[in-house]
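Report on one structure; see the data block that follows.
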Amino acid sequence: MASTTSTPCKLALVQLAVTADKEANLANARTHVLQAASNGANLIVLPECFNSPYGTNFFPEYAETLKDGPSVKALSSMAKDANAFLIGGSIPERDPTDNKIYNTCTVYNPKGEIIGTHRKVHLFDIDVPGKIRFQESETLTAGNQLTQVDTDFGKIGVGICYDIRFPEPAMIAARQGCFAMIYPGAFNMTTGPLHWELLQRARAVDNQMFVAACSPARDLTAGYHAWGHSTIVGPDGLVLQTTDEKQSIIYAELDRTKMNEFRQSIPLTNQRRFDLYADVSKVNP
Ligand SMILES: O=C(O)CCC(=O)C(=O)O
């Protein structure tokens with residue numbers, strides 16, 4: 001389905017250097033969000049866990065509520081002062097009703113109002129012997145819903161990092177009219193070179209939509225070494241913009257006219273055979 005709006009969308013991914021100092025991280029985010037806006041971006045994205053070091057031991061310490069935590073306040077005023085839509089990376093969120101902690105992305109309109117909240121639905125629990133073991137479920141709880149937000153440019157699907165490994169949310173988003181999937185993420189030095197770009201290109205080419213993933217910059221003094229390489233991919237599966245591991249901002253115009261032309265020339269959406277593969281969850285392995 002084509003997006004209905006025609007407002008040009010200039011996307012910026014802000015690959016931030018993240019420290020252990022939350023206040024400094026929020027101030028650094030603000031500086032870079034305003035810089036992106038002054039360069040014409042009207043859709044700005046921050047990385048996964050941009051206000052805290054990435055590690056299960058840090059999540060309880062840095063967690064805050066969405067109602068009156070400092071990060072949500074700071075993000076709201078950044079979006080307003082930038083006059084841009086802001087996909088606010090993710091933060092460790094404490095839900096006061098059950099005291100559970102989530103890895104949560106909040107999304108803002110240019111008035112600074114929250115227009116969407118995504119709690120990471122697939123927790124990053126992996127064990128690659130001799131390389132990396134990470135168990136988010138030690139301190140985090142998974143969210144229970146997929147997230148799409150309405151913007152001036154059309155609908156956008158939002159996931160967080162490990163969520164990108166699962167094709168279904170991106171496919172559902174595309175079929176429900178989203179023109180882009182955006183993932184704040186923080187891959188590592190093992191799976192980053194293997195899969196970071198591949199997964200983005202896969203989600204893009206499968207669904208003929210824009211896909212972008214925004215990482216923190218790499219800090220070799222931190223416990224977790226992020227891969228960096230924030231990347232924007234077009235609906236044809238080609239990389240539009242990418243970067244290295246350092247702090248930087250990358251930009252691309254997301255041209256939905258070109259996306260719709262590409263969808264017409266290779267019309268996958270109308271050619272799917274759901275009569276043959278209706279419900280994969282019911283297929284026995
Ligand atoms: O899927 C991966 O390899 C990395 C995922 C990750 O770092 C995360 O979910 O935070």
Side-chain angles (χ1 to χ4, degrees), residues 13-20 25 29 45-63 71 87-93 100-106 117-147 157-171 181-204 206 211-220 222-231 233 242-245:
L13 305 186
V14 178
Q15 181 165 292
L16 278 186
V18 174
T19 70
N25 293 332
V45 184
L46 292 171
E48 181 180 27
C49 222
F50 78 94
N51 70 350
S52 128
Y54 188 65
T56 50
N57 51 324
F58 295 109
F59 300 144
E61 186 190 333
Y62 283 75
S71 300
I87 298 185
S90 79
I91 62 170
E93 176 213 348
K100 288 184 177 158
I101 304 170
Y102 300 88
N103 187 341
T104 303
C105 173
T106 46
T117 299
H118 180 73
R119 289 173 166 170
K120 190 176 191 174
V121 291
H122 304 94
L123 293 183
F124 176 41
D125 284 354
I126 68 165
D127 191 354
V128 185
K131 301 274 190 187
I132 177 169
R133 180 176 187 279
F134 202 97
Q135 302 288 315
E136 275 191 322
S137 59
E138 283 169 359
T139 51
L140 296 185
T141 300
N144 278 329
Q145 57 191 32
L146 304 181
T147 304
V158 178
I160 300 176
C161 206
Y162 200 63
D163 286 338
I164 198 174
R165 287 193 177 271
F166 301 85
E168 292 83 359
M171 186 178 192
M181 269 310 288
I182 303 225
Y183 300 90
F187 271 42
N188 51 76
M189 302 296 284
T190 300
T191 62
L194 262 182
H195 292 151
W196 172 254
E197 182 182 308
L198 176 67
L199 285 164
Q200 289 172 69
R201 296 187 64 195
R203 297 297 81 85
D206 277 354
V211 172
C214 183
S215 171
R218 190 176 309 155
D219 175 3
L220 291 176
Y224 184 89
H225 300 160
W227 173 237
H229 292 85
S230 296
T231 298
V233 179
T242 190
T243 185
D244 57 17
E245 76 287 359

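For ligands, and for the atoms within them, numbers begin at 1 and follow the listed sequence. Computed over heavy atoms, backbone and side chain alike; hydrogens, waters and symmetry mates excluded.
Ser90 places a side-chain N or O within 3.5 Å of a backbone atom of Cys49 that can act as its donor or acceptor partner.
Of the protein's non-hydrogen atoms, Thr191 OG1, 2.6 Å is the one closest to atom 3 (O) of ligand 1. The single protein non-hydrogen atom nearest to atom 8 (C) of ligand 1 is Cys161 SG, 2.9 Å, given as residue, atom name and distance. Of the protein's non-hydrogen atoms, Tyr54 OH, 2.7 Å is the one closest to atom 10 (O) of ligand 1. Nearest to atom 7 (O) of ligand 1 among the protein's heavy atoms is Ala186 O, 2.8 Å. Of all protein heavy atoms, the one lying nearest to atom 9 (O) of ligand 1 is Lys120 NZ, 2.6 Å. Here the protein heavy atom with the shortest distance to atom 1 (O) of ligand 1 is Arg165 NE, 2.6 Å.
Asn25 and Leu16 make their closest contact through O-CD1, 4.5 Å (heavy atoms, listed as atom of the first residue, atom of the second, distance). When all heavy atoms are compared, the tightest approach of Pro184 to Gly159 is CD-O, 3.1 Å.
Within a 6.0 Å radius of CG in Asp127, other residues, nucleotides and ligands contribute more than 12 heavy atoms.
Contact atoms of ligand 1 toward Tyr162: 1 (O), 2 (C), 5 (C), 8 (C), 9 (O) (distance under 4.0 Å to a heavy atom of the residue). Heavy-atom contacts of Glu48 reach the following atoms of ligand 1: 8 (C), 10 (O) (cutoff under 4.0 Å). Near Tyr224, meaning under 4.0 Å from one of its heavy atoms, ligand 1 places the atoms 7 (O).
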For His225 and Met189, run side chain to side chain contact (heavy atoms under 4.5 Å, CB included): C-alpha distance rounded to whole Å, both residues' side-chain angles, the deciding distance at 0.1 Å, then the answer.
CA-CA 6 Å; His225 300 160; Met189 302 296 284; 3.7 Å; yes

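Legend: residues meeting salt bridge (Lys or Arg N to Asp or Glu O under 4.0 Å) with Glu61, ordered by chain and number and at least two apart, are absent. With sequence neighbours excluded, the residues satisfying side-chain hydrogen bond (donor to acceptor under 3.5 Å, both in side chains) with Tyr54 are Glu136.
At a heavy-atom distance under 4.0 Å, no atom of Phe134 approaches ligand 1.
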